[in-house]
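Structure, as structure tokens:
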Amino acid sequence: MPTPITSIALRDAIAAVTIPAVEVHLSNVHARESFRRRSFIAPVAVAQVAGFGADSYALALRGLVARLRR
């Protein structure tokens, strides 16, 4: 079995900066295979948006803007 590709480097980059990040998935990863449910990004992200297709990006951006305005 090949080694799975992970997002550890991306997680480390997000953790290294003070800019808030949102984890975005086009599909609902929790309704898919169990291996997709493990997130390396979630512990360093302020939120997670999943399952809204391309609208997930707009929702994440709106959430970040609202958070930064507070």
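One is the number of the first residue; the rest follow in order along the sequence.
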Practice task
Report yes if some heavy atom in the side chain of His30 is under 4.5 Å from a heavy atom in the side chain of His25; otherwise report no.
Solution key: no
Exercise for the section: Side-chain contact test, heavy atoms from C-beta onward, threshold under 4.5 Å: evaluate it for Asn28 versus Phe52 and give yes or no. Expected result: no
Problem - Straight-line distance of Ile8 CD1 to Asp12 CG, nearest 0.5 Å - result: 7.5 Å
Completion exercise
Shortest non-hydrogen pair, Pro20 vs Leu68, comes out as CG-CD2, 3.8 Å
Completion exercise
Ser56 and Val24 have their tightest heavy-atom pair at CB-CG1, 3.6 Å
Handout entry: Crowding at CD1, Ile19 (>12 non-hydrogen neighbours, <6.0 Å)
Key = no
Exercise for the section: Taking atom CZ of Arg38 as the centre, report whether more than 12 heavy atoms of other residues, nucleotides or ligands fall under 6.0 Å from it. Expected result: no
Practice task
Could you pull out all residues at least two apart from Arg32 that satisfy side chain to side chain donor-acceptor pair (under 3.5 Å)?
Solution key: Ser27
Exercise for the section: Evaluate the side-chain proximity of Arg62 to Val65: yes if any heavy-atom separation is below 4.5 Å, no if none is. Expected result: no
Exercise for the section: Please answer: with hydrophobic residues joined when any side-chain heavy atoms are less than 4.5 Å apart, are Leu26 and Leu64 in the same cluster? Expected result: yes
Handout entry: Path from Leu59 to Tyr57 over hydrophobic side-chain contacts below 4.5 Å
Key = yes
Fill in the blank from the handout: From the list Val44, Ile41, Val49, Val46, side chain to side chain contact (heavy atoms under 4.5 Å, CB included) partner of Glu23 resolves to Ile41
